Amino acid sequence: MNVFPNPRLRQALFYALALVAGCWFLAAWFDIPATLHEANASKTILVENISGQENSTVYLGYVKQNYRMLPLADFATESWMLGPLPGSALQTLTSARAGDPLQVQIPMAGSTQFVFITASEAGQVRITDLETGRASELDLQAVGHYTVTHSTISGTKRAWDLFLVSLALFVGLSTVVAMGLKGWKWKDALQVWNDPAHAPLTFAIIGMTLLLNNLFMTQRLFFFGDSKGYWDNAPTFVRDGVFALGNVDTLYSFRGYLMSLIAFFPRWLGGRLGLEAVLVYVLFLAFIYSLFFILVVPKLIRWLMGREARPYQVLIVFALTGFFWMGWFTWLLTDLLSLGALLSGLVLLVDGIGKRRWAALFASGIFMGIAINLRANYELDLAVLLLVALQLLYKERQASAASLTVLARRFLLIAALVASGIILVSLPQAQLNWQKYHKASLFPFSAENWFESNLETHDTVLEYGLAIGRLKTQIWPYPYPNLIGISTLYRYFGLDPVALQDFQVAGDMLHQQGGMNVPLYLDLARRYPLEFTVDIFLKVFTGLNNQSFEPYPVNWRAGLPVALFSFFNYSVLFLAFLVFWQYLSQFVRDRRASLHLIFWYALLALPALPFVIMAVEWRYFLPLYFGFYLLLVTTERETYAKIFSDKLWPLQFFLFLLVCYSLTTLVTPAYLD
């Protein structure tokens, strides 16, 4: 008697057992259960004053931190001013001779921030992990405040390893099961990844991969910069026991209320359920991103290709996004969330117009409003989405011969429904804008000019260049100054451009002139057109020069890992450029182009364009990167065959790599830390 008379049920059971076995193996290998229980675990660190100066005095304070600060590096020093923090567990080490020890307990998860304060004489400190025996020494200058962060975990790096291993293991196990069901014929088994009917298998793999990775990051998650601001602002929605959207503390420029609200949900729910807030947060993100890849990406592929998405296409998009942007799956940042909201709004708009689903159009407006509130530059995409709606209505008129009057009424109804959704999401922001700026605006607002405030930041240092700021830190993707921009400023103000490393002088001069403004910027561009042309080109390259899967690379150094990561990124860019060239050649020959493809890439590129003349980070180009990934999976095999039939493509690839690595050296000078 056949226990499973339904073959589909039998297939589903075998696939489920294989994936569960894979989850069990990965959980054991990466010790995820221990990860979930190590919140209260600690280890002992020995701190010794080993200064040779008998009269040296070193005071030590240490702050236990979880989910708050970035572990810059193991015992990495930064000469930042930092006083005792509220609620910190401060201890003091006073020594008149070398060898006086102090043992302190630090948490296993997150990081511990040590604060060293020297007296009149310099001091030297040794920090030893008594569990592993690892020791590091720190030289303290006289009369200074120093911090050193001890990180007990490897953070996002191991989560990246888990992502790659889990994805490969799940796909491999599913393929083995398919081979068994197909009589061990591997060619038939591979059809599983080409059959839209097997989409649920792909969805299960994506969901489990995200779940495992986010669980692994629960105790390894730290918040810094923007993410720390969102997390710390979340409780302010409740004042005097009353929740209200207008209660939230005013955020800094162009930060909407929604990201803090997203942070509020896990904190509130975790308190109600008695769970760690960060655990609820990572589970929530895993669920949200799973829905995005499960529901939205297949519809985008169908819209771009005109046919059902294949499981392998969705998996490739997921794999490429995770490989290059894995850190964004767990960090409390707006980049991937806002892109997901924008593309969800696009899918709902297309679906609502095509199938006349009015609720979908209203929901489309809600998602567009969410995207704009998370990242204000998506306001520019409203014009593109309007053109998408007009194009869809024009195609409908061609198919049904509807009158212009009917289509005009439909367009007004569509616009009203979408606008209603946007307004509904934006009303709390309008209230906050009025409270702070006394301005009526639905979108994130600032008292400063958006253009000017992004040209000049970080202590009046001009940033229309290649880097974030002048601080020689190890936590930003671009810790290097814009030498072209600083040199241009020196020449403009009549300063000697020789001592470019002292670029605070140009910043001070700029501040004396009233700071950067549009007339000054345009005057600079008029007087130095060559410099600005080169600068813009290098910034476009910088935006496309993704060199890390982490939002804030820890201890980022040029070397083999970065070179290999860049190699894969350049390979994607090279292939995308070749595909674009094929499409452009076809357009020149046939004078035909698919409008929806033009709108698609305009939608992704437009938000990044303003940053090309300001400070740029590779995360600003995330929408365009995502468009490249979809381009690669939706390109026909015939196009690839034509590309690789050219015997010159290896030489072209070599020259492309040579140019890219040369430009990388140019925009990240080695003489800086």
Side-chain angles (χ1 to χ4, degrees), residues 68 86 223-271 277 281 284 331-335 337-338 341-342 345 362-382 416 418-460 514-518 607 610-611 614-615 620:
R68 289 296 183 273
F223 292 148
F224 178 82
D226 293 344
S227 59
K228 184 177 185 296
Y230 298 133
W231 189 259
D232 290 343
N233 271 306
T236 63
F237 281 106
V238 178
R239 293 185 181 179
D240 299 324
V242 177
F243 172 85
L245 295 177
N247 285 344
V248 66
D249 281 348
T250 304
L251 303 178
Y252 41 97
S253 299
F254 305 109
R255 297 302 194 272
Y257 76 97
L258 268 175
M259 201 64 199
S260 292
L261 185 62
I262 291 172
F264 173 83
F265 169 74
R267 298 187 67 148
W268 173 82
L269 186 60
Y281 158 72
F284 173 72
W331 272 73
L332 188 63
L333 293 172
T334 63
D335 305 275
L337 283 171
S338 58
L342 176 74
F362 179 70
S364 173
I366 290 178
F367 278 100
M368 292 176 193
I370 291 173
I372 293 172
N373 194 268
L374 293 177
R375 288 202 68 81
N377 52 317
Y378 282 133
E379 296 174 32
L380 302 173
D381 279 332
L382 291 178
V418 172
S420 298
I422 294 175
I423 291 172
L424 178 64
V425 172
S426 305
L427 281 177
Q429 189 63 49
Q431 178 185 354
L432 292 171
N433 291 339
W434 184 258
Q435 289 176 356
K436 182 174 182 180
Y437 305 113
H438 300 289
K439 298 289 185 180
S441 173
L442 290 173
F443 304 135
F445 193 76
S446 173
E448 299 176 319
N449 179 284
W450 180 75
F451 182 77
E452 294 173 355
S453 64
N454 280 274
L455 287 176
E456 180 196 0
T457 54
H458 289 289
D459 301 325
T460 72
M516 177 55 67
N517 52 60
V518 174
F611 296 103
M614 295 180 289
Y620 299 156

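Starting from 1, each residue takes its place in the sequence as its number. Note that the structure is predicted; figures quoted are calculated from it, not measured.
- Using the six-membered ring where Trp is involved, Trp231 and Tyr281 have ring planes that are perpendicular, over 60° apart on the 30 and 60° scheme.
- Of the possible donor and acceptor atoms, none in the side chain of Glu379 sits under 3.5 Å from a partner among the backbone N and O of Ile372.
- The backbone N or O of Val242 sits less than 3.5 Å from a side-chain atom of Asn247, completing a donor-acceptor pair.
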Going through the distances and angles, do Met368 and Val418 end up as a side chain to side chain contact (heavy atoms under 4.5 Å, CB included)?
CA-CA 8 Å; Met368 292 176 193; Val418 172; 3.8 Å; yes
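- The two residues Pro610 and Leu380 have their closest heavy-atom pair at CG-CD1, 3.7 Å.
- Proximity of a side-chain donor or acceptor of Asn373 to a complementary backbone N or O of Ser426 within less than 3.5 Å is not detected.
- Among all heavy-atom pairs drawn from Asn433 and Phe443, the shortest one is ND2-O, 2.8 Å.
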Assess whether side chain to side chain contact (heavy atoms under 4.5 Å, CB included) is satisfied between Leu258 and Thr334, documenting all intermediate values.
CA-CA 10 Å; Leu258 268 175; Thr334 63; over 6 Å; no
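- Inter-residue side-chain proximity for Leu261 and Phe237 is flagged as met; some heavy-atom pair is nearer than 4.5 Å.
- Between Leu342 atom CG and Leu382 atom CG the span is 9.0 Å, to the nearest 0.5 Å.
- Gly345 and Ser364 get closest at one heavy-atom pair: O-OG, 2.7 Å.
- Atom-to-atom distance recorded for Ile262:CD1 and Leu337:CG is 5.0 Å, nearest 0.5 angstrom.
- Nearest approach of Ser227 to Leu332, heavy atoms of both residues: CB-O, 3.2 Å.
- Residue Phe367 qualifies as open at atom CZ: its count of foreign heavy atoms under 6.0 Å is 12 or below.
- Across all non-hydrogen atoms, the minimal contact from Ala277 to Pro266 is O-CB, 3.6 Å.
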After noting the C-alpha distance and the side-chain angles of Phe264 and Phe243, does the key distance pass the side chain to side chain contact (heavy atoms under 4.5 Å, CB included) rule?
CA-CA 11 Å; Phe264 173 83; Phe243 172 85; 3.6 Å; yes
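- Side-chain atoms of Asn233 never come within 3.5 Å of backbone atoms of Ser260 as a donor-acceptor pair (strictly under, hydrogens ignored).
- Taking each heavy atom of Ser338 and Tyr378 in turn, the nearest pair found is OG-CE1, 3.4 Å.
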